[in-house]
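Inspection log for the structure reproduced underneath, given as structure tokens.
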Number of protein chains: 2
Amino acid sequence: MMNKKEKNIEDISIWIVEDNIHFQNTMNNLINQFDGFVCNFAFESCEDALIEMNNTAELPSVILLDIGLKGMSGIEGIKKFKEISPATHIIMLTIYEDKNSVFDAICAGASGYLLKDSSPENVIEAIKEVLGGGAPMNIHIAKKVIDMFKQLNPPKGDYGLTGREKEILNLLVMGMNKKQIAEKLFVSFHTINTHIKNIYEKLQVNTRGGLVAKAYKENLL
Amino acid sequence: MMNKKEKNIEDISIWIVEDNIHFQNTMNNLINQFDGFVCNFAFESCEDALIEMNNTAELPSVILLDIGLKGMSGIEGIKKFKEISPATHIIMLTIYEDKNSVFDAICAGASGYLLKDSSPENVIEAIKEVLGGGAPMNIHIAKKVIDMFKQLNPPKGDYGLTGREKEILNLLVMGMNKKQIAEKLFVSFHTINTHIKNIYEKLQVNTRGGLVAKAYKENLL
DNA sequence: AAAAAAATACCACGAATGTGGTATACCGGA
DNA sequence: TCCGGTATACCACATTCGTGGTATTTTTTT
């Protein structure tokens with residue numbers, strides 16, 4: 001009775017993408033019980049949901065999306081959903097608080113996330129929150145966080161590179177090869193070879209890719 | 001005189017957890033000098049502070065918590081403190097600038113962050129801010145930060161890399177060579193060679209260094 | 001079903017790289 | 001004055017790269 005809901009044109013349309021049928025049903029019932037929300041579809045995979053999305057005119061306002069799905073992952077799914085329906089808010093569902101996944105999800109465009117053991121109230125609350133325009137967050141603190149990150153960026157690991165070595169490192173990062181660098185600095189190819197050898201030693205790398213990557217990661221430029 | 005403060009029931013209670021005695025005292029004095037704040041306790045480890053927390057009815061409003069502590073780390077401490085006293089705001093203290101630590105701290109529930117060489121004004125300011133802000137630094141803050149970072153960074157050009165190509169790009173950035181990548185992905189060296197060839201073509205580069213640099217600059221990872 | 005895209009695989013060869021050496025000249029601090 | 005660090009330079013050799021091909025299978029899209 002409760003989970004067979006009279007469709008109302010005013011209702012906020014919500015989809016669920018979740019491969020655990022039990023949890024899917026639980027969510028479904030929960031949402032349909034709540035006045036103003038209706039769960040039109042529940043899928044077991046992103047692929048299925050995307051097919052429906054491509055064939056319907058009634059795009060959902062919110063998608064509850066499991067982060068660990070078979071086939072296309074939730075993270076990947078976010079991008080696809082957003083391509084088709086940019087206005088749809090996506091709330092990730094996760095079992096445990098996986099920092100990296102959540103971070104990735106946010107980067108991919110998720111509006112929020114929910115732990116699977118959240119209380120029904122929390123679920124409804126989260127949906128309301130994203131619908132209400134997203135982050136009702138203290139802008140000051142957010143700004144402060146950014147300032148912190150900024151402060152933290154400049155100083156990083158010091159590997160005791162000499163001036164010349166830093167100079168050459170920068171040219172390497174620009175994609176130049178040894179010969180080109182030698183010509184640019186008016187020294188012998190052999191000299192550059194030696195310098196690069198020393199840089200590799202100091203940074204503990206042994207490929208060009210590893211070197212450049214480290215230079216970026218550790219802010220050596 | 002100054003650091004022996006008359007206890008006032010109205011004062012905001014602040015604890016310090018910091019293993020450097022000198023810095024601990026400096027902070028202590030600073031806080032007690034300020035009208036409206038009182039530093040009731042200063043500990044040298046999370047463990048000590050937690051014991052006290054479990055035995056007192058007067059929970060602190062704010063904890064200044066060193067990030068690099070002997071025994072339980074500051075990051076771990078955050079969770080413990082929050083368990084006992086969710087309303088307590090935690091401000092991290094650190095000398096070394098490490099982006100990851102800060103992010104971890106924020107995820108663990110820290111409200112703010114202070115470099116140890118901050119001016120006295122900054123310290124007081126930070127405490128006031130977390131007290132006034134109310135909003136805990138959760139995933140929403142992170143979202144804000146990411147959003148702003150996204151805005152600051154160029155919208156990262158799309159070079160039409162396929163999934164496999166992105167995968168290989170990431171391995172290249174890790175400093176692996178073709179043979180290693182081939183082994184890791186259980187495919188032939190020739191296949192990797194072809195993929196890399198195509199990546200070079202798409203990104204318009206022709207050296208490993210240039211590739212990795214571009215990957216970082218354009219946020220292709 | 002047909003077409004397009006992606007992933008796989010192989011060959012060859014000159015160019016560039018990574019690594020082991022050795023060695024000289026310069027300069028600033030102990 | 002002697003020593004350590006820096007910059008310079010050269011050699012040799014195995015390994016890896018970059019680039020020109022061609023070609024099949026699998027997946028995705030139309």
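All values derive from a computational prediction rather than experimental measurement. Proteins get letters first, then strands, A, B, ... in listed order; numbering begins at 1 in each.
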Results of ring pair (Phe, Tyr, Trp, His ring centres under 6.0 Å) for A:Y216 - residues two or more places apart only: B:Y216
Check salt bridge (Lys or Arg N to Asp or Glu O under 4.0 Å) between [X] and all other residues, then give those that pass, not counting sequence neighbours.
X: A:E167; result: A:R164
X: B:D48; result: none
X: B:K70; result: B:D19

Once side chain to side chain donor-acceptor pair (under 3.5 Å) is applied, do any residues pair with A:N177, and if so which ones, sequence neighbours excluded? none
B:K202: partners by side chain to side chain donor-acceptor pair (under 3.5 Å), with sequence neighbours left out: B:E165
Examine C:dA6: is either OP1 or OP2 under 4.0 Å from a nitrogen or oxygen in the side chain of B:R164? Give yes or no. no
Any A:R208 side-chain nitrogen or oxygen under 4.0 Å from OP1 or OP2 of C:dG18: yes
Main-chain N/O of B:T194 paired with B:N198 side-chain donor or acceptor, under 3.5 Å: yes
Would you please name every residue forming a side chain to side chain contact (heavy atoms under 4.5 Å, CB included) with [X], sequence neighbours left out?
X: B:E76; answer: B:M72, B:S73
X: B:T26; answer: B:H22
X: B:S188; answer: B:H190, B:T191

Please list, in numerical order, the residues of residues 187-207 of chain A that have a heavy atom closer than 4.0 Å to any atom of DNA chain D. A:V187, A:S188, A:H190, A:T191, A:T194, A:H195
Give the residues of residues 172-182 of chain B touching DNA chain D, defined as any heavy atom closer than 4.0 Å, sorted by residue number. B:N177, B:K178, B:K179
Between [atom2] of [N] and [atom1] of [X], the distance in whole Å:
X: A:F186; N: D:dA9; atom1: CZ; atom2: P; answer: 13 Å
X: A:L211; N: C:dA16; atom1: CG; atom2: P; answer: 18 Å
X: A:L171; N: C:dA16; atom1: CG; atom2: P; answer: 17 Å
X: B:E165; N: C:dA6; atom1: CD; atom2: C1'; answer: 8 Å
X: B:E167; N: C:dA6; atom1: CD; atom2: P; answer: 15 Å

To the nearest 10°, give me the bend of the helix from C:dA1-D:dT30 to C:dC27-D:dG4, comparing the axes of its five terminal pairs at either end. 60°
In terms of ring plane angle, is the pair A:F43 and A:F41 parallel, tilted or perpendicular, where the classes change at 30° and 60°? parallel
